[in-house]
Amino acid sequence: MKCTVCRGPAVIDVRRHNSAFCPEHFVKHCEGQVHKAIHEHRMIERGDRVLVAVSGGKDSLALWDLLAGLDIHADGLYLGLGIGDYSGESAHHARAYAQAHGRKLHEVDLASDLGFTVPVAAEVTHRSPCGSCGLSKRHLFNQFAIDHGYDVVATGHNLDDEAAVLLGNVLRWDVGYLGRQHPVLPATDGFARKVKPLVRMGEREMAAYCVVRGIDYQVEECPMAAGNRHLGYKEALNAIEERSPGTKAAFVFGFLERGHARFDDDVASERAALAPCQSCGAPTPGDVCAFCKLRKRVARADAVDDRRSG
Ligand code: Q46
Ligand code: ZN
Ligand code: ZN
């Protein structure tokens, strides 16, 4: 296998681009794709303060690294989810990258700062841990950005993630989610801009990028992900992609070009119904936002436990 650009030995092939790359040209390829995504969707403007949601996994660390390669200065925020050794290891990788590259990493810890962990939330709500986890991440990354003057929150969602989420949204015809599924969500009252600069990059490419760049990342999957729907959708899409390379990209980009705008009205009416949460001020369709409700439920369960043991 030879590099499409320089004919030197290639280390990775990217079938949907009919290309293969040596390490140097692979990094250039990744930077080019991220640059294209940022400009095409006007994700980040000069002078924006950017906050990267850093999990310690390959995508978020690659994103942080790629942004720096494109001269976009960004700080990171690591959220401690309290998922045992997995969270400990993830934090280690996030801190090690920040330290080695002289980057600023903020940290928020669910247990010590907010009084609960993802496993506890799952137990109390009797729901999948990913529900409480996703809700907490969305809320806390946004809140942190608003409180600390960041204009943009950048997340490491890649093409495989976006295709799996899109498939889930289509299978349920969830019009609100379809309308909000976009690589850039503009800032509105109470919400910082959200961007996904890795939308053109496959999962396998992000792992390869980290290897080529010598970035150590959390290779373990989250132990709470086992059996979740998202993984099932990814497996289904991988089977299709294997037979027809390029299907995931056609699915996601076709939706963005020809499908997304059809759900504008659904999003506009959802947005019109938002008002500040009575407890924390974040925009919500009810009186109290889902995150504050979750916190209250966990606190109530704690109080019951205390009474029982006391
Ligand atoms: S961290 Fe959280 Fe993921 Fe673990 S509990 Fe689910 S959502 S799987 S990206
Ligand atoms: Zn090359
Ligand atoms: Zn709230």
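When a ligand or atom number is given, it counts from 1 through the structure's own listing order.
Under 2.8 Å from atom 6 (Fe) of ligand 1, one finds the following protein N/O/S atoms: C130 SG. Excluding waters, the set of protein N, O or S atoms lying under 2.8 Å from the Zn ion (ligand 3) comprises C277 SG, C280 SG, C289 SG, C292 SG.
Considering only residues two or more places apart in sequence or on other chains, R300 meets the salt bridge (charged side-chain N to carboxylate O under 4.0 Å, His left out) condition with none of them.
Between the side chain of H25 and the backbone N or O of F21, no donor-acceptor pair lies under 3.5 Å. A donor-acceptor pair under 3.5 Å is absent between the side-chain atoms of S87 and the main chain of G84, judged by distance alone. Looking only at distances, a side-chain donor or acceptor of E241 sits under 3.5 Å from a matching main-chain atom of T247. When atom types are taken as modelled, the side chain of H101 and the backbone of Y97 share a donor-acceptor pair closer than 3.5 angstrom. Distance alone, capped at 3.5 Å, places no donor-acceptor pair between the R7 side chain and the K2 backbone.
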Using residues 180-188 as the side-chain source, report each donor-acceptor pair under 3.5 Å to any protein atom, sequence neighbours left out, with the distance given to one decimal.
from	atom 1	to	atom 2	distance (Å)
R180	NE	E270	OE1	3.1
R180	NH2	E270	OE1	2.8
R180	NH2	E270	OE2	3.4
Q181	OE1	N169	ND2	3.1
Q181	NE2	E162	O	2.9
Q181	NE2	E162	OE1	3.4
H182	ND1	V184	N	3.2
H182	ND1	V184	O	3.2

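Judged by the 6.0 Å and 45° rule, R213 forms no cation-pi pair with F26.
With a 4.0 Å cut-off on non-hydrogen atoms, K137 touches ligand 1 through its side chain and not its backbone.
Side chains of D71 and H73: no donor on one and acceptor on the other come within 3.5 Å.
None of R16, Q33, K58 except one satisfies the side chain to side chain donor-acceptor pair (under 3.5 Å) rule with E205; the exception is R16.
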